[in-house]
Amino acid sequence: MPAGYEPDDTGTLVMGVVNVTPDSFSDGGRWFDADAAIAHGVELVADGADLVDVGGESTRPGAARVEPDEELRRVVPVVRELAARGIRVSVDTMRAATALAAVEAGAEIINDVSAGLADDAMAPIVAETGARYVAMHWRGHSDRMDSLAEYSDVATEVRDELAQRVDALVGAGVDTERLILDPGLGFAKRGEQNWELLGRLDVLAELGLPILVGASRKRFLGAMLPEGAPVEERDLPTAVISVLSAEAGAWGVRVHDVRSTRRALDVLGAWQSGRRG
Ligand code: PMM
């Protein structure tokens, strides 16, 4: 590192994505084998990830559900091995049984894209385990979510619908301190609605809880690029969004290419330390 370049930590966590799936839109099939997924998680940490998010079910638009046993088979060995290596792990699942097995295997965060709506057993499991819980804004499963993107004011509606989920979770015994909110970019959101959610993260912040932003490689970024551009070309726009999210006070960013986001956040950290003089 050149002299004088000592970035401060921006305080925003980088969550690296490990999809143990054959069909995710962003990296489908690349880490489907457990050993490959574990090696990828280790690599993401070497690239600067603070934690690794392990998922066994693709949520790409139109995706069909994976069987519960298959999801467990994909996720648990990867979570166990990464946690055994001292890596902080979150589990990306809508199923309480998978969440519980992953926490028992060492996951410290349950990342539920349905905020408990897909499985009534989720909230009690979150309460029982005491794990941290990402509640993402969601209106329905991937096979129909594109038809659910009707809003009159997307930022306030996402805030209010997440506030209802917070009430339900707390009502089920979950400690508010354990909650993290996520606007759910691309989930029942059209391109311009994603941008409005990003530009108005302060509306979601009114709920007073940490915010996770998951823009990485999503369709609305692809729409800015030349037609047919490979998915990796979405990593630069993703890294820019990581910086802007950190500036907006995000607790974390969930990304596939950790290296570019880490470098971009280092620049922000140096900028912020320069601002302080
Ligand atoms: N997006 C995907 C999957 N899981 N979890 C959270 N909390 N936020 C997201 O935006 C999110 C998520 C879909 O992307 P992927 O299939 O590339 O993992």
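In listed order, ligands and their atoms are each counted from 1. Owing to the predicted nature of the structure, the values given are computational and were not obtained by experimental measurement.
- When Lys189, His256, Arg217 are checked for heavy-atom proximity to atom 17 (O) of ligand 1, His256 turns out nearest.
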Full working for side chain to side chain contact (heavy atoms under 4.5 Å, CB included) between Val45 and Arg85: CA-CA 11 Å; Val45 172; Arg85 295 186 191 204; over 6 Å; no
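- Counting atoms of ligand 1 from 1 in the listed order, those under 4.0 Å from a heavy atom of Asn111 are 5 (N), 6 (C), 7 (N).
- By the 3.5 Å distance cut-off applied to N or O atoms, Asp92 is counted among the residues near ligand 1.
- Counting atoms of ligand 1 from 1 in the listed order, those under 4.0 Å from a heavy atom of Asn19 are 15 (P), 16 (O), 17 (O), 18 (O).
- In terms of N/O distances under 3.5 Å, ligand 1 is approached by Lys218.
- With a heavy-atom cut-off of 4.0 Å, Leu212 touches ligand 1 through its side chain alone.
- Closest of all the heavy-atom pairs between Ser242 and Thr261 is OG-OG1, 2.8 Å.
- Against a heavy-atom cut-off of under 4.0 Å, Val113 is close to the following atoms of ligand 1: 4 (N), 5 (N), 12 (C).
- Counting only distance, with no hydrogens or angles, the side chain of Asn194 and the backbone of Leu185 share no donor-acceptor pair below 3.5 Å.
- Note on Asp92 versus Arg254: salt bridge recorded, some NZ/NE/NH1/NH2 to OD/OE distance being below 4.0 Å.
- Every atom of ligand 1 with a heavy atom of Thr59 under 4.0 Å away is listed here by number and element: 2 (C), 3 (C), 13 (C).
- Taking a cut-off of under 4.0 Å to the non-hydrogen atoms of Val134, the atoms of ligand 1 that pass are 7 (N).
- For ligand 1 and Asp182, the ligand atoms under 4.0 Å from any heavy atom of the residue are 6 (C), 7 (N), 8 (N), 9 (C).
- Ionic pairing of Asp202 and Arg159 is not present here: no N-O contact between side-chain nitrogen and carboxylate oxygen is shorter than 4.0 angstrom.
- Criterion: ILVMFWY side-chain heavy atoms under 4.5 Å apart, direct or through other members. Under it, Leu198 and Val158 are part of a common hydrophobic cluster.
- At least one N or O atom of Gly214, backbone or side chain, sits closer than 3.5 Å to an N or O atom of ligand 1.
- The aromatic rings of His137 and Tyr151 sit tilted relative to each other, their planes meeting at an angle between 30° and 60°.
- No side-chain donor-acceptor contact under 3.5 Å links Glu57 and Thr93.
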